[in-house]
Amino acid sequence: MIARYRALLSIPGCGRLLLSAVLGRLPSGMFSLAILLLVHARTGSFLDAGLAVGAFALAGAAMGPPLGALVDRVGQAPVLLPAAAVQAALLVALVLVARIHHAPVAAIVSVAALAGATQPPIAGCIRTLWSAIAPDQETLETAYTLDATTQEVIWTLGPLLVGTTAGLLSPSAAVLLCAAITLGGTAWFATSALSSGWQASTQERTRGGALASPGLRALLVTVALAGVVLGAIEVGLPALAVQLGSRWSSGPLLALFSVGSMAGGLLYSARSWSMALGRRYMAMLLAMAIVVAPLIAAQSLLAGFLLGALAGLGVAPMLSAQFSLVGALAASDTTTEAFAWHRAATIAGMAGGSALGGSLVDAHGAGGAFTLGCASVALAFALTVLWRRRIEPDLSGEETVSAAAVSVEPTAL
């Protein structure tokens, strides 16, 4: 395992690429809580705050694929830098509008939506770069696994930063911190040699874009269903804490779930996989259903901690397999757009899982949310089996890398 990470990180510029991508995406783990606290402090209503957060997230999911397609046409820096500047300005505007005493809630929600729509597509950009710089399939999959594992840093550190900033200063300061990190992190990423040296494809663009691939369309359905389990667990674990009379344990429960995901990513990357990529994805979905199922019966805090960490083990391997399949199934001139569609499908699934899981918690307790999550990922597994011929890329290891790759100027390396 160490040798694989050493091989990946020995690629010139890879260290900066990874660190800048984590920093540039760190606000993704901050936005929801920061906007929630800002709007609630202004209106006193969690409904209004939820509308603003939802508008931000949905606008980001909707505009992600068009921004990704634009990256595929013109390059990374020409899209990332203006998007970051505009989003930072809109986040400042959101703070200013929220400070206007008589500003209507509709205005606040509208500015939040505009800010979400301009989120720089760093996630899609770095996954495209992995496929362009990885020398072989094993290194590429190590990169995808590392990407999936470091996401947990974003989701763990982000809320802590927001909570600390809002507590010591104000919710407005937390939103402004999001703006500053967005601008600085994106600039650090986009001006790196690998990102700025990446060249968009000069071939005629695939008609229909990334969704012209039937395999990718099928995969995205399973991605959305897999996203449901993540949303359901993020509602179910805090609900379990409240149900057991220990509201304080909500944060530690979610943190252990993230730690479990990190551990799962390390275990996944520790072995060489001879199993075909599509079949491996089936196995990861089935494993996710198996590790989530015990949470349904959790009736104590200790069980919640242990089983929450167990459930987390399946997350990073599942996401890593998805990243590999997206890169293999997308046409070479639509890779960034394809990864943006993956993000949009995941967000949609998580939103659905949170909403449906919340209603099931009200009716059946935390176990209802966990049952939903287990059933959704089991359905994703069943559909993957049914569509296995569409989802399994007909590519050998080396071809998989080259099919997803778009050139990086040698001078950039």
Side-chain angles (χ1 to χ4, degrees), residues 28-29 31-33 35-36 46-47 49-65 109 112-113 116-117 119 123 148 151 155 211 216-240 250 254 257-258 261 281 284-286 288-289 291-293 295-296 308 311-312 314-315 318-319 321-323 325-326 338-384 386-387 391:
S28 295
F31 284 133
S32 294
L33 182 56
I35 294 173
L36 183 81
F46 277 109
L47 174 60
L51 286 173
V53 172
F56 181 95
L58 290 175
M63 285 303 298
V109 172
Q119 187 163 346
Q151 281 191 148
W155 301 117
L211 295 183
L216 182 63
R217 293 198 303 270
L219 176 66
L220 290 175
V221 174
T222 71
V223 168
L225 288 169
V228 171
V229 71
L230 302 179
I233 289 175
E234 289 186 356
V235 168
L237 287 175
L240 179 64
S250 296
L254 290 172
F257 177 67
S258 294
S261 177
Y281 178 47
M284 294 304 106
L285 290 172
L286 181 59
M288 187 70 191
V291 296
V292 170
L295 271 173
I296 299 171
V315 176
M318 179 181 72
L319 292 175
Q322 289 176 357
F323 295 161
L325 280 170
V326 170
F339 280 116
W341 277 114
H342 173 274
R343 182 175 181 275
T346 301
I347 291 174
M350 290 178 67
S354 296
L356 212 56
S359 64
L360 288 172
V361 165
D362 290 339
H364 305 288
F370 299 136
T371 301
L372 169 68
C374 189
S376 68
V377 77
L379 178 58
F381 165 74
L383 290 177
T384 305
L386 181 65
W387 295 335
I391 289 178

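- The stretch residues 342-353 participates, sequence neighbours left out, in these side-chain hydrogen bond (donor to acceptor under 3.5 Å, both in side chains) pairs: Gln322-His342.
- Residues Leu220 and Leu211 are in side-chain contact: their nearest non-hydrogen atoms beyond the backbone lie under 4.5 Å apart.
- Closest approach of Cys374 to Ala293, counting heavy atoms only: SG-CB, 3.9 Å.
- Of all non-hydrogen atoms in Met288 and Ala311, the two that sit nearest each other are CE-O, 3.8 Å.
- Contact between Gly353 and Leu372 at its shortest, heavy atoms only, is O-CD2, 3.9 Å.
- In this structure, Leu295 and Phe370 approach most closely via the heavy-atom pair O-CD1, 3.3 Å.
- Side chain of Thr222 to main chain of Ala380: no donor-acceptor pair is present (N/O by atom type, distance under 3.5 Å, no hydrogens or angles).
- If you check the side chains of Gln151 and Ser28, you find no donor sitting under 3.5 Å from an acceptor.
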*Test side chain to side chain contact (heavy atoms under 4.5 Å, CB included) on Val228 and Met350 and set out the steps.*
CA-CA 5 Å; Val228 171; Met350 290 178 67; over 6 Å; no
_From CA spacing to verdict: side chain to side chain contact (heavy atoms under 4.5 Å, CB included), Val229, Val292_ = CA-CA 9 Å; Val229 71; Val292 170; 4.0 Å; yes
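- Taking all atoms of both residues into account, the shortest heavy-atom contact from Ala369 to Ala232 is O-CB, 3.3 Å.
- Here the straight-line distance linking atom CE of Met318 with atom CZ of Phe381 works out to 14.0 Å at 0.5 Å rounding.
- With rounding to the nearest 0.5 angstrom, the CH2 atom of Trp155 is 7.0 Å from the OG atom of Ser32.
- Rounded to the nearest 0.5 angstrom, Leu216 CG and Ile391 CD1 are separated by 9.5 Å.
- To the nearest 0.5 Å, the span separating CG on Leu285 from CG on Leu383 amounts to 10.0 Å.
- Between Ala62 and Pro65, the shortest heavy-atom distance links the atoms O-CD, 3.7 Å.
- To the nearest 0.5 angstrom, Phe31 atom CZ is 5.0 Å from Gln119 atom CD.
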